[in-house]
Each structure stands twice: as C-alpha cells, then as structure tokens.
Amino acid sequence: MTLRALISIFALLALTSLTACGFRPLYAEDKDGQSTASDMAKVKISMMEDRVGQLTRNVLVETLTPRGQIKHTEYILAVNLSESTSELGFTKDNEATIADYILTAKYQLSRISDKQLLREGTLRARTTFNLVDSDFASLEAESAAKSDAARNLARQIANQVAVGLRNAQ
C-alpha cells in the first residue's frame, strides 16, 4: 500500500469514529431541520451599561441575529461587564509606557418560558495599549483597545451561547 492509501483509510476511520461518539457540528441542522443559527435569532440580549457595554451588545446583536431578531424571543442573555486598566512598563522617571486593559463578562443564558439556566460563566478579553507623551494619542489608543476587547469578548460570548443552545436541544 502506498502512503496516500494509508492516509485515506486513516481519515475515513477517523471520520466514522467521530460520528460514533456523538459528535455534532455546532451550526449544523438536526433531523428536524432545526439549527443553532436559527435558535440564536431567538435570544434577547439584555441592555448593558457604559460605552463598552454598548459596543459589546452591538457585536452580540450582529453575531447572534444577523438577519434581525424575531418578535417572540425564547431565550434571554444577561451580561454584566467589569473593566480594569493597569499600567505596565515604567521608564526611569517612573512614567508608564504601556497599559493593560482587561474586560470581564459574567453571562447567563436562560430560557424565558421556564427560567431554566442553560449556560453561565465568566469570560475575559485582554488588550494592551501604548501610553505616549501626547494625551490625545494615549486616549485614542485606549479607546481602540476597549473596542477590540469588546469585539473579542462578544465573539467569545456568542460561541458560549451557541454551545448552550446546542446542548439545550
């Protein structure tokens, strides 16, 4: 047998063993034609405080409901954000040159009808930004870091929501 034939046989065996263990693709349709993507449109995302919360919520809305949210939602996602900034990398004059921004989210995905908790957890996004002599440049760098962290965190939450909805089926 050639190496190519052995690799083909191994790949075929690996794929059949995945189906035998109960593996299901996250976004695939099930027997009834139901998919995680269609369930994600049924999630109502609660309001969040502050500008970073608005950014996070907007990315969540775009990710979970790209075709728009339906009128009658079945699930609710509650997210509480906390943020912290710590200065790192000091000069000889004891001035910080870099800062670390951490955005933490505690989330809960619940079914509205029976208030059953489907998934909860804590996620974290971390970015760094430079602190320079120009105040404007430092503020812009911090703003960009917050936006990046909000996008990153929203995508992590969306993945956890998909897992929670898939496990609820």
Side-chain angles (χ1 to χ4, degrees), residues 24-28 35-169:
R24 297 179 300 171
L26 186 59
Y27 295 105
S35 70
T36 305
S38 63
D39 284 342
M40 287 169 54
K42 300 174 186 174
V43 176
K44 178 182 178 184
I45 304 163
S46 63
M47 300 303 279
M48 296 180 215
E49 296 179 3
D50 301 328
R51 179 69 182 144
V52 175
Q54 291 173 351
L55 293 171
T56 305
R57 186 178 186 281
N58 288 344
V59 174
L60 275 170
V61 168
E62 291 170 6
T63 306
L64 295 179
T65 59
R67 294 186 184 121
Q69 198 170 33
I70 62 173
K71 289 183 181 181
H72 303 289
T73 56
E74 295 180 19
Y75 309 98
I76 187 159
L77 175 65
V79 180
N80 292 319
L81 297 176
S82 62
E83 50 188 332
S84 66
T85 305
S86 56
E87 295 178 343
L88 309 167
F90 293 91
T91 64
K92 291 179 184 179
D93 298 333
N94 207 23
E95 290 184 24
T97 59
I98 195 166
D100 199 23
Y101 177 74
I102 298 173
L103 183 60
T104 306
K106 292 182 181 177
Y107 69 92
Q108 289 185 328
L109 176 66
S110 306
R111 187 179 296 124
I112 293 174
S113 61
D114 59 359
K115 298 191 183 348
Q116 180 185 359
L117 184 64
L118 302 177
R119 192 157 185 94
E120 69 177 332
T122 303
L123 298 169
R124 193 170 84 163
R126 180 182 193 170
T127 58
T128 57
F129 59 96
N130 290 329
L131 297 171
V132 294
D133 291 334
S134 169
D135 290 339
F136 177 75
S138 293
L139 287 173
E140 281 298 311
E142 181 178 11
S143 176
K146 287 181 178 185
S147 295
D148 289 346
R151 263 192 308 280
N152 183 338
L153 194 63
R155 289 186 182 122
Q156 290 181 51
I157 294 170
N159 287 339
Q160 294 301 314
V161 167
V163 170
L165 292 174
R166 186 64 175 184
N167 290 341
Q169 292 179 354

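Each residue takes its place number in the sequence, starting with 1. In this text the structure is predicted, and so the values were computed from the model without any measurement.
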Give a yes or no on whether the backbone of [Y] and the side-chain of [X] come within a donor-acceptor separation of less than 3.5 Å.
X	Y	answer
Thr127	Ala145	yes
Ser138	Val132	yes
Thr65	Val61	yes
Ser46	Leu77	yes
Asp114	Gln116	yes

Taking atom [atom1] of [X] and atom [atom2] of [Y], what is their separation to the nearest 0.5 Å?
X	Y	atom1	atom2	result
Lys106	Glu120	NZ	CD	10.5 Å
Leu117	Arg111	CG	CZ	10.5 Å
Thr104	Leu123	OG1	CG	9.5 Å
Asn130	Thr97	CG	OG1	7.5 Å
Gln156	Tyr107	CD	OH	9.5 Å
Glu74	Ile112	CD	CD1	8.0 Å

Name of the residue among Leu103, Thr56, Val52 meeting side chain to side chain contact (heavy atoms under 4.5 Å, CB included) with Lys146: Val52
CA sep, side-chain torsions, deciding dist, call: Val161, Leu64, side chain to side chain contact (heavy atoms under 4.5 Å, CB included): CA-CA 9 Å; Val161 167; Leu64 295 179; 4.1 Å; yes
Set of residues satisfying side-chain contact (heavy atoms from CB on, under 4.5 Å) with respect to Asn58, sequence neighbours excluded: none
Step-by-step side chain to side chain contact (heavy atoms under 4.5 Å, CB included) determination, Leu153 to Val79: CA-CA 11 Å; Leu153 194 63; Val79 180; over 6 Å; no
Heavy-atom side-chain contact between Asp100 and Arg126 under 4.5 Å: yes
Donor on one side chain, acceptor on other, Arg57 and Gln54, under 3.5 Å: no
